[in-house]
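Accompanying notes for the structure given below.
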Protein chains: 2
Amino acid sequence: MRLSKRGEYALRALIDIGIASELGRPMLQVSELAAKEKLPVKFLEQILTQLKAAGYVKSKRGKLGGYSLAKRMDRIRFGPVIRLIDGPLAPIPCVSQTSYVRCTCPDEIHCGLRMLMLDVRNAIAKVLDRYTLAEIVEITLRKLRRDKVTPLFLQPSKGLVPILPPELTRKIIVSRN
Amino acid sequence: MRLSKRGEYALRALIDIGIASELGRPMLQVSELAAKEKLPVKFLEQILTQLKAAGYVKSKRGKLGGYSLAKRMDRIRFGPVIRLIDGPLAPIPCVSQTSYVRCTCPDEIHCGLRMLMLDVRNAIAKVLDRYTLAEIVEITLRKLRRDKVTPLFLQPSKGLVPILPPELTRKIIVSRN
DNA sequence: TCGAATTCATACTTGCTTGGTAGGAATTAT
DNA sequence: ATAATTCCTACCAAGCAAGTATGAATTCGA
């Protein structure tokens, strides 16, 4: 029941962009993203263009380019993103709502496995289709503040300085060990 | 988030054996099983020996051989079976309870993705680790009775006659258009 | 005791998927 | 002009999924 690396990286990217944007840094570069989560740059690049094609992010090319969100965070749900990248959430095709395929069993109505897997698929969808990026970002941010930690891409690195007002930056940045 | 065919077939087999056994037919042959669900015989064979090795079923060899359950149905939960065949339920390794592996992200505590996926993994486990084979079999059987249908392997085929008492058999068997 | 029917064990195959690399073209700020 | 970025496309190696194939070991009925 694994999420692919592709899917994982896609979600990480969205969340990171979301956090950064919430902190006043709406655009992130692939290299920053990759560095933060230690992901392969070129692979992530591909994933982001896929997210772009689907309308989740938009990009600016050239020097000082990067990616930013293309929709409001509270309109981005995780289920659709995963479906886009990894396919259906359902464990078996005959319980998929978005791409149903009949299975080989002789009698779907009385199929115990189907019933069980429908429960599973609903449980999964209940989480992934209900949470929005806004919620996850907000919760994460709250946790970060509570523990007085700042996300990596807001710490100065390779000359890129946070765009946050200095007093707020200082209030948040504390340490990372 | 797919269940593999292996996993699917394993569960189907268990459920079918469970139903048959509940109807007084404790032992099923691979060929019957495969015929009923239209699965490749030799593949199913492999899966059953795997289930046997793990103690879910026992077998009798030779003519009139077959497979039967090795444990009480109310002691067989679906989660462990799937873990056996397909590996962990968790979408990403860092939220697996049974085989945790740290992920690449710099800070697990404040990882939004991890939090989300933990929810997903719990939702999945809540279904699969709580349902027992006994429950699924019972529900299926109730449905079958309500709709007056009999499972295929209890209908006479290749000379194998149901072991159910005839009056009960007649009451259940009605039609399968 | 023989033959048929079954499970058991192991090796192999075929195509697909995953998780990337590689190389370069197009775009943009300085 | 140049450096830094995104964009595009092709490629690739390894592993995995879903089986096939072959034959041995076991068990029954005749």
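As the structure is a prediction and not an experimental result, all values here were calculated from the model. Per chain, numbering begins at 1; letters A, B, ... match sequence-line order.
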Got a list of protein N/O to nucleotides 27-30 of chain D N/O distances below 3.5 Å?
from	atom 1	to	atom 2	distance (Å)
D:dT27	O2	B:Lys63	N	3.3
D:dC28	OP1	B:Lys60	NZ	3.1

Worked check of side-chain contact (heavy atoms from CB on, under 4.5 Å) between A:Ile136 and A:Leu11:
CA-CA 11 Å; A:Ile136 294 295; A:Leu11 297 191; over 6 Å; no
Contacts of B:Lys42 that satisfy salt bridge (charged side-chain N to carboxylate O under 4.0 Å, His left out) - sequence neighbours left out
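Partners of B:Lys42 by the salt bridge (charged side-chain N to carboxylate O under 4.0 Å, His left out) criterion, ordered by chain and then number, come out as B:Glu45.
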Would you confirm whether B:Asp107, through its side chain, and B:Ile109, through its main-chain N or O, come within 3.5 Å as a donor-acceptor pair?
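Side chain of B:Asp107 to backbone of B:Ile109, a donor-acceptor pair under 3.5 Å: yes, one is there.
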Between the main-chain N or O of B:Gln29 and the side-chain N or O of B:Glu32, is there a donor-acceptor pair closer than 3.5 Å?
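The answer is yes, because a donor-acceptor pair under 3.5 Å joins these two groups.
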Rounded distance in Å - [atom1] ([X]) to [atom2] ([N]):
| X | N | atom1 | atom2 | result |
| --- | --- | --- | --- | --- |
| B:Met27 | C:dA5 | CE | C1' | 15 Å |
| A:Leu33 | D:dT5 | CG | C1' | 14 Å |
| A:Tyr67 | D:dT5 | OH | P | 13 Å |
| A:Ile85 | C:dG20 | CD1 | C1' | 15 Å |

Is A:Arg121 close to A:Pro91 at the side-chain level, that is, under 4.5 Å between some pair of heavy atoms?
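They are in contact (side-chain heavy atoms under 4.5 Å apart), so the answer is yes.
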Set of residues satisfying side-chain contact (heavy atoms from CB on, under 4.5 Å) with respect to [X], sequence neighbours excluded:
| X | answer |
| --- | --- |
| A:Ala54 | A:Tyr56, A:Leu84 |
| B:Lys60 | B:Met27 |
| A:Pro93 | A:Val101, B:Arg2 |
| A:Ser59 | A:Lys52, A:Tyr67 |

Helical bend (five base pairs per end, nearest 10°) for the helix from C:dT1-D:dA30 to C:dT30-D:dA1:
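What I find for the helix from C:dT1-D:dA30 to C:dT30-D:dA1 is an axis angle of 10°.
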Produce a footprint string for nucleotides 9-22 of chain D: one letter per nucleotide, 5' end first; B if the base is under 4.0 Å from any protein heavy atom, S if only the sugar-phosphate is, - if neither.
-B-------SBB-B
Sequence neighbours excluded, which residues qualify as ring-ring contact (aromatic ring centres under 6.0 Å, His included) partners of B:Tyr131?
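None.
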Which residues share a side chain to side chain donor-acceptor pair (under 3.5 Å) with A:Arg72, sequence neighbours left out
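With sequence neighbours excluded, A:Arg72 shows a side chain to side chain donor-acceptor pair (under 3.5 Å) to A:Asp74, given in chain and number order.
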In residues 48-59 of chain B, which ones come under 4.0 Å of DNA chain C, going by heavy atoms?
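Within residues 48-59 of chain B, the residues near DNA chain C are B:Thr49, B:Lys52, B:Ser59.
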Counting only heavy atoms from other residues, nucleotides and ligands, does the tally under 6.0 Å from NZ of B:Lys71 exceed 12?
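Yes.
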Per the ring-ring contact (aromatic ring centres under 6.0 Å, His included) rule, what does the pair list look like for residues 20-50 of chain B, sequence neighbours excluded?
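As it turns out, the ring-ring contact (aromatic ring centres under 6.0 Å, His included) pairs with a partner in residues 20-50 of chain B, which skip direct neighbours, are B:Tyr9-B:Phe43.
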